[in-house]
Amino acid sequence: MVDEPVIVIGAGPAGTRAAQRLVQAGLRPVVIDENDRQGGQIYRRQPANFHRPPEKLYGTEAAKATALHSDFEMLRPHIDYRPGTTVWGVSEAGLMTVHASTVDVVPFSRVIIASGATDRIMPVPGWTTPGTYSLGAAQIALKAQACAIGGRPVFMGTGPLLYLVAWQYLQAGVAPAAVLDTSSLATRLRGLRGMASRARVVANGVRYMADLVRAGVKLHAGIMPRGIESSDGGVSAVTWRDAKGVLRHVSCDAVGMGYGLRSETQLADLLKCEFIFDPCFQQWRPHVDRDGRTTRPDIYLAGDGVLLRGADAAEAAGQLAACAVLRDTGYAVDAQEILPLHGTLATMNRFGRGLAQAFPWPAHLAAGLPDETVVCRCENITAGEIRRAAGELDAPEMNRAKALTRPGMGRCQGRMCGLAAAEVLAAARDVPVREVGRLRTAAPIKPLPLNCTVKS
Amino acid sequence: MTAYPTQRMQADVIIVGGGFMGAATAFFLRQRGLSVILLERDLVGQAASGVNFGNVRRQSRFLGQLPLANRSRDIWVRLPELIGEDVEFVMSGHILLTTHEKDGARLEKYAVDCKPYGLDLTIMTGDQARARFPMVGPDIRTVSYSPLDGHANPRLAAPAFGRAARRAGARVIENTTVSAITKSAEDFIVETTTGQSYQAPLLQISSGAWGRAMAASFDEDIPFSTNGPQMGVTEPMPYRIEPVIGSSSSVPEEGVYLRQVKRGNIVFGGGLRTVANLETRRAPIDPFNTLRQMPHLATLVPEMARLRVIRTWSGVEGYVGDHLPIMGPSGKVPGLFYAFGFCGHGFQLGPGVGATMAELIATGSTDIPLEAFDIRRFG
Ligand SMILES: Cc1cc2nc3c(=O)[nH]c(=O)nc-3n(C[C@H](O)[C@H](O)[C@H](O)COP(=O)(O)OP(=O)(O)OC[C@H]3O[C@@H](n4cnc5c(N)ncnc54)[C@H](O)[C@@H]3O)c2cc1C
C-alpha cells in the first residue's frame, strides 16, 4: 500500500513494540537505533562479552527486559535493522543517517519516532567537576560497563530514578554516601493519588527506599542543593540545606544527579511537528493525539520521546503508534486491540502526572543559582551571562538569549542545559517559563564527522 | 476588535526594517540630530544580519563598491568607542585561495585593479602562503591576502547598533510589522498590523529581502530572488586559524569559506544556496549542501577533516539581478530612500551603509558613489 518503508527510530520498549506490530501486519520496517544493541535505556543490554544475569541488571523488571530482547531477536529477519546509526537531519529525500562516518539517506512513507528521554539537569555550583554524572549515566556505567561512578557516591536530584539508581548501586556493592531529594515528604504525598493507579510500582519504590535505609544509607527529603566541592580536581563533597534550612555537608567521591527526565524531541522539531507547553511536566513537547499522531500526517511519536510515562507505557504507546500507522495507510486494525491500549495509557498518564507532582522539577532553584554557576557546559556559559542576556541585552526568549550569550550553542545544542537555561532566563525576566519558549533545533542534531562519505 | 490609533507618532525619519542597515542608519541619523523611528517586525538584527557568516571582507568586491566598503571598515575599527560595545571584530586578515590556474589569474588582475581604490593586496604562491599560514592545504596555488580585513560576530553587531541607537534617542520599536506605506502631500504614513500608524517626511526602506515588495508598492520593481546561503560550525579545536579563509573558485560548489573564533570553533559557509521563504521567514537547510561543503573545506584546511560539525543554519537574504544592492534615493518618490538587497555581502557594509544613508538623508548628498546601486538602473 505504501512504496517507501515505515521507519522506526529507536529500539527501546516503544520502538521495539512498534516494529513488532508492523511486522505482524506484514510490513518490513526500517529500525534505526543509535546504540549498538537493542534495548533502549532502561533495558539497555550489556556488551557481548559481559555476562551479568538479567536479575542483577534489571531487578524487578528482569522478565520484561528479557521478553523485549527476545521478541526483538525474533523480529530481526523481518526488519531492516540499523544499529549504531544516528538520524542527524532531514531532507526532501528522507532521513539523513550516519553510521561510523558513512552518511545514508533513508526515504520513508511514515516515521515513528521513539527516541526516548535523557536526564533533566538543574545545575548547581560545581556540577562540572570530574566525578559528577547524570543519574542515567551512573546507571549506564553500571549496566553496560559494570563500573561504579565512585566508591562513596552521593545521589542528588528528585524522582524515582534517584532511588532506583541508589538501590542498584547498593546491589552492586557500593553504598551511597547519601540520597538527597529536593522533593519534600509533603509534596510526595500530594502526588500519591495519581501514583496509586500503579500500586506495584509504588511498592517497588518504597522497597528500594527501605533497603537503602536498612543498609544505613541516609535519605534526605526537601533539600536545597548548595554546591559540589572538589579537591585534587575531583568531587570531594556535596553541600546542601536541609528541610530546616541548616547548611549540611557530606563527603563523597562522586555525584549522580538528575531531576526527572526530558523528552528527546529534536527530530520531531526538525520534521516541523507542532509543539505545545505541558504545564505538568513544565516542558515543551510535540502535540500528539492519543494514538501518537503528530500534527504532520506522516510522523508519529511514541514513548518517553513525547511524554514521560516510563517503560511499560512506552511499550503500549509503541504498539498504538504502529496501529495508527497501519490504520492511516489502509490496513484494518481491530478496535479490540486499541481499546485496552488506550486504557493502559490512561492509567500511565495518571501515574506519570502523579509522579511529576510528587517529584516536581525544582524550577525555583534556577533563580537562586549564583551568577558564576556554569549552566551550559559545552560553551561554559554561566547563569550570570544568561541574566545579562535577559537584562542588559533585553532577550525576551531563549533563541535570542542563545544568539547573544551562547547558552545551548555547543555540541549538545541545549539538550543538557536548555530547560535549566530557560528557567534562569524566565526567572531573570520574571515571566512564566513557557513565555521564553524553547531552543530551535538545527541539523545535525548530534555532531557529524566532517570527513564523512555519502553512501551511493 | 480593531484597535484604532489615537495618535500618530511622528519623527523626522522613519526606518522600516531593523536589520544591520536600518539599525546603523538610525544610530548615525541620531548623531546628526534627526529624530528617528525604527520599525522592526521581530527583534533588531534577527534576520540576515544576525545569522550571517560574519565576514568583514573587502577584497573581490565590485570595484565601485570599495569606497563604501572602505568607509565601513574605518568604522568597524572604531566600533567599541563609537557604540560602546564590543562586537568581536578582529582584524585578522582575509585570504582568498585558488586551486585552478584561471582563478589565480583573476586574483592577480583584481589586486592590480583595486589599488587605485586604496585596497592593498599581497599575491602569494601556494608555497609562500603555506609558509605564512601553515594550515593551508597542499592543493592551493595562488593566494590573495588582504591584511586589514577580518571578521566579527553577526549575532552581536546589529543588536548592538540597535541598542546604541536607542541610547542615542532613537525610538526603536520591535515586534511591529509594517503593513502599508503611503505618501500624503508631504508625509509618509506607515501603518502597522497592530493598528498603529507613524508619520514622517523622510522614509528609508531597509527591510532586507522583504524590501522588493515595498519598493514595488511605489512602482519601482527590480529583478530579485530570495535565497539562503548555508552556514555551519564545527566543534572547537585549538585556536590556530587567524585569517578568514575563502575559496576563490568559479565553480559555485567550491566557493566555501571559513573562519575560526577565539574559543576554537570554525564557522563555515558558502557553496550552494537554497531558495528561502519570505512568508515563513525561514531559509530551509539542505543537509546535502552541508555534505557538499565538507570536501572543499578540507581542501582549504585539511585539518578540518578531523572535526565534527555541530550545527548548521541559514538565513533569508535578498539578491538583486545584477548582484549589487539597492541603495540611495528612490527614482520616483521624493523623501524615499532605499537600502536593501545586499546580495550576501552586506555585513561588512553595515556600518558604512548606516553612515552614508544618514548623511544622504540628512544633507541630501554624499561623496560615496552610489550610482551603481541606484534603483533606476532597472527603470
Ligand atoms: C546566511 C548568510 C550569510 C551571509 N554572510 C555574509 C558575510 O559573511 N559577509 C557579509 O558581508 N554579508 C553576509 N551576508 C549578507 C548580510 O547578512 C546581509 O547583506 C545584511 O545583513 C543585510 O542587512 P539588512 O539590514 O539589509 O537585512 P536584514 O538583516 O534581513 O534586515 C531586514 C529587517 O527588516 C525587517 N522587516 C521586513 N519586513 C518588515 C515589515 N513589513 N515591517 C517591519 N520590519 C520588517 C526584518 O524583520 C529584518 O529584521 C550573509 C547573509 C546570509 C543570510
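Protein chains get the first letters and strands the later ones, always in sequence-line order, with residue 1 at the start of each.
Taking the side chain as every heavy atom from C-beta outward, Leu43(B) and Pro396(A) approach each other to under 4.5 Å. Within the 4.5 Å cutoff, side-chain heavy atoms of Arg440(A) are placed close to those of Arg282(B).
Contact annotation for Arg292(B): neither backbone nor side-chain heavy atoms come within less than 4.5 Å of a heavy atom of chain A. Asp394(A) touches chain B through its side chain: at least one heavy atom from C-beta onward sits under 4.5 Å away, while N, CA, C and O do not. In this structure, the portion of Leu291(B) lying under 4.5 Å from any heavy atom of chain A is its side chain and not its backbone.
Closest heavy-atom contact between Arg155(B) and Lys402(A): NH1-O, 3.8 Å. Scanning all heavy atoms of the two residues, the minimum distance from Pro449(A) to Arg308(B) falls at CA-CG, 3.8 Å. Between Arg263(B) and Glu379(A), the closest heavy-atom pair is NH2-O, 2.6 Å. The minimum heavy-atom distance between Ala403(A) and Leu156(B), with the atom names listed, is O-CD2, 4.2 Å. Here the closest heavy-atom approach between residue Ile310(B) and residue Gly410(A) is recorded as CD1-C, 3.7 Å. When every heavy atom of Gly45(B) is checked against every heavy atom of Arg400(A), the shortest pair comes out as C-NH1, 4.2 Å.
Heavy-atom pairs under 4.5 Å with chain A were tallied for Met294(B), Arg311(B), Gln293(B); the largest tally goes to Arg311(B). The most heavy-atom pairs under 4.5 Å with chain B, out of Val103(A), Leu393(A), Val90(A), Val454(A), come from Leu393(A).
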